[in-house]
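Following: one structure in structure tokens, then a few remarks.
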Amino acid sequence: MGNLSVWHEEVELASFPALTKEFHVDVAIVGGGITGITAAYLLSRAGKKVAVLEARKIGEGSTGYSTGNLYATIGGEGMHKIAQKFDDQKLREVIESRGAAVDLIEQIITEHNIDCDFKRAPWSLFTVEGKSQKFVEQERDAAIRAGLPVVSNVPYTAEVKDGFSVLNQAQFNPLKYVVSLANKIQSDTCRIFENSRVVKVEEGEICNVETEHSRVTADHVIMATHTPKGIYMVHTTLGPYREYAVAATLKTDEIPSGIYWDMQETEHYSVRTFDSEKGKIVMVLGEMHKVGQKEENLECFHKLEEFLRKRFNIGEVVYRWSAQQYKPADTIPYIGISTGDRRTFIATGFAADGLTYGTLAAMIISDEINGRTNPWSKTYSASRLTPIASAPNFAKENINVAYELVKDWLANDVEKFSEVRTYEGKIMDIDGSKHAVHRDGEGKLHIVSAVCPHMGCIVHWNTAEQSWDCPCHGSRFSKEGEVLEGPAINPLKKVE
């Protein structure tokens, strides 16, 4: 079983060319997930000439590894935290804007007849074991104050001690949606390129966006890459986290359609069902931790499987995967012109709510580029200063980054190549330099620099996904050192 999500077997991926010729556009969009493709759709519809540059395949990043849930509520620290850090008006703005993003997705699906299994369904938050009851109570109160359609019924299979549901949220196949939309908008004025990794972005009166083989120039740039590529101020306000998902066949059709957040002490397990080619399955997402900061990450899959077997009558585990998220310091994403820039827009800090926030980011940014006033642009301003609301998380994340940086530069895992076992990755000091050493299934050693090219932290080995992960800002690399995701632009240097 590979680490592919349930959506991949349901979708025939698009086939777009790589960028090979230079040309000019109104807007260059870096990233072909839900944020980038939605922005391309909105901008091209408004008459802008657009180019989308995707490093791999359309939808193959975070979009294709989400759970496909759409909701006006929020995850992370919860709705009540926004009210506490700001006020009820700010909470209503966030809820209203997220609801509008879900409505836009439904509108696009209907208008363009996109087959992506979209349906309206309730979202439920609850505790079965009585844990996190205070959190449930705070969230219910916040949901009511925000004007959401709250009901007390939670149609779960296990007995619920306390909980509530919000009606009229939604679910779909996110990869089908993004790939289908990309196919529909591809044209002479909306050009989409795959296998076109961006290696440099330069701002100016005309922006320069270079890939490995060519470049485009543009009046504006949108970094639709989950977290901006390169070094940006916003990276100091983000916490990179990894979360895991397991999907198994259901022996009985006992779970009603819906989005279920089963509270597990300090985090929730997100549960939903889906009719796949392997039959009806139930999937669960959870076991979150900082990127690169959990040694035995295979156990995350095991814990999720144990949870499914405890809650439901399941058969075989047929899918398992993981995904990345970036938590904002003050609980609200950063969307708009980046600090210090004039023509580069960023969209990041979506936490685990990227499908809805990604769509919302496309709405806000496309309005700004088109010279229209968006009612939520100030709420999500990428250059906002919120020192009181941001302080606790800002301090926590940056202290953690400093600790990881110092700790890892002072330590090594092994001293000899022979100590690196099959499928392991270890850090070694070779001729006074830190190196990342991996031994593959055939016994071959792969040696790259252990120094993350983003900001100089030492990478850690990810056993579950066989990758090198940076514990500071979330960049991830293959065993050969190639960039997989995160803010890093350059690969880890290979060592012969």
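All values derive from a computational prediction rather than experimental measurement.
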May I ask you to test the [X]-[Y] pair for a side-chain heavy-atom distance under 4.5 Å?
| X | Y | value |
| --- | --- | --- |
| Val448 | Phe477 | no |
| Ile427 | Lys434 | yes |
| Phe118 | Asn173 | no |
| His235 | Pro228 | yes |
| Ile332 | Phe86 | yes |
| Asp367 | Ser377 | no |
| Ile222 | Val30 | no |
| Val282 | Arg311 | no |

Can [X] and [Y] be counted as having a side-chain donor-acceptor contact under 3.5 angstrom?
| X | Y | value |
| --- | --- | --- |
| Tyr380 | Ser97 | yes |
| Thr331 | Glu77 | no |
| Thr344 | Glu203 | yes |

Give a yes or no answer on whether the side chain of [X] reaches the backbone of [Y] with a donor-acceptor pair at less than 3.5 Å.
| X | Y | answer |
| --- | --- | --- |
| Thr63 | Gly59 | no |
| Lys444 | Arg439 | no |
| Ser180 | Tyr177 | no |
| Glu194 | Lys57 | no |
| His438 | Glu424 | yes |
| Glu93 | Trp376 | no |
| Arg140 | Gly163 | yes |
| His454 | Gly230 | yes |
| Trp321 | Val6 | no |
| Ser381 | Thr379 | no |

Is the CD atom of Glu296 crowded by more than 12 outside heavy atoms at less than 6.0 Å?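 Incorrect, the count does not exceed 12.
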Determine the interplanar angle of the [X] and [Y] rings, folded into 0 to 90°, and report it as parallel if under 30°, tilted if 30 to 60°, perpendicular if over 60°.
| X | Y | value |
| --- | --- | --- |
| His80 | Phe135 | perpendicular |
| Tyr71 | Trp123 | tilted |
| Tyr269 | Phe307 | perpendicular |

With side-chain hydrogen bond (donor to acceptor under 3.5 Å, both in side chains) as the test, pick out the partner of Arg242 among Glu287, Gln325, Glu465.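 Exactly one pass, corresponding to Glu465.
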Go through the steps to decide whether Arg197 and Glu482 satisfy the test salt bridge (charged side-chain N to carboxylate O under 4.0 Å, His left out), and finish with yes or no. CA-CA 11 Å; Arg197 183 181 301 280; Glu482 296 302 315; 5.4 Å; no
What's the spacing between [X] [atom1] and [Y] [atom2] if we round to 0.5 Å?
| X | Y | atom1 | atom2 | value |
| --- | --- | --- | --- | --- |
| Asn195 | Leu53 | CG | CG | 12.0 Å |
| Ile365 | Ile335 | CD1 | CD1 | 6.5 Å |
| Glu480 | His446 | CD | NE2 | 5.5 Å |
| Trp468 | Cys452 | CH2 | SG | 13.0 Å |
| Ile37 | Ile29 | CD1 | CD1 | 7.5 Å |
| Ser449 | Ile430 | OG | CD1 | 10.0 Å |

Please step through side chain to side chain donor-acceptor pair (under 3.5 Å) for the pair Glu60 and His8, ending with a clear verdict. CA-CA 9 Å; Glu60 278 285 85; His8 285 73; 2.6 Å; yes
Specify the closest pair of heavy atoms between [X] and [Y], including all atoms of both residues, with the distance to one decimal.
| X | Y | result |
| --- | --- | --- |
| Trp7 | Thr67 | CZ2-O, 3.3 Å |
| Ser338 | Ile346 | CB-CG2, 3.8 Å |
| Ala245 | Leu285 | CB-CD1, 3.8 Å |
| Ala361 | Phe350 | CB-CZ, 4.0 Å |
| Leu355 | Ile34 | O-CD1, 3.7 Å |
| Pro328 | Leu238 | CA-CD2, 4.1 Å |

With ring centroids as reference points, do Tyr260 and His268 lie under 6.0 angstrom apart?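 Between Tyr260 and His268, the centre distance exceeds or equals 6.0 Å.
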Is it true that Tyr244 and His289 have ring centroids separated by less than 6.0 Å?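 Yes, ring centres under 6.0 Å apart.
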Side-chain ion pair, [X] and [Y], N-O less than 4.0 Å:
| X | Y | value |
| --- | --- | --- |
| Asp330 | Arg384 | yes |
| Glu485 | Arg476 | yes |
| Glu299 | Lys294 | yes |
| Arg215 | Glu202 | no |

Step by step, would you call Arg272 with Gln171 a side chain to side chain contact (heavy atoms under 4.5 Å, CB included)? CA-CA 9 Å; Arg272 68 163 290 189; Gln171 296 175 317; 3.5 Å; yes
Can you tell me if the gamma sulfurs of Cys472 and Cys457 sit closer than 2.5 Å?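 A disulfide, yes.
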Which one of Tyr334, Tyr326, Tyr357 satisfies the ring pair (Phe, Tyr, Trp, His ring centres under 6.0 Å) criterion with His226?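 Among Tyr334, Tyr326, Tyr357, the one meeting ring pair (Phe, Tyr, Trp, His ring centres under 6.0 Å) with His226 is Tyr326.
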Phe172 and Asp117: side chain to side chain contact (heavy atoms under 4.5 Å, CB included), yes or no, with the steps? CA-CA 5 Å; Phe172 71 156; Asp117 307 301; 5.6 Å; no
Give the intermediate values and the outcome of side chain to side chain contact (heavy atoms under 4.5 Å, CB included) for residues Tyr232 and Thr348. CA-CA 11 Å; Tyr232 287 78; Thr348 189; over 6 Å; no
Would Val102 and Thr356 satisfy side chain to side chain contact (heavy atoms under 4.5 Å, CB included), going step by step from the backbone distance to the final call? CA-CA 6 Å; Val102 178; Thr356 306; 4.0 Å; yes
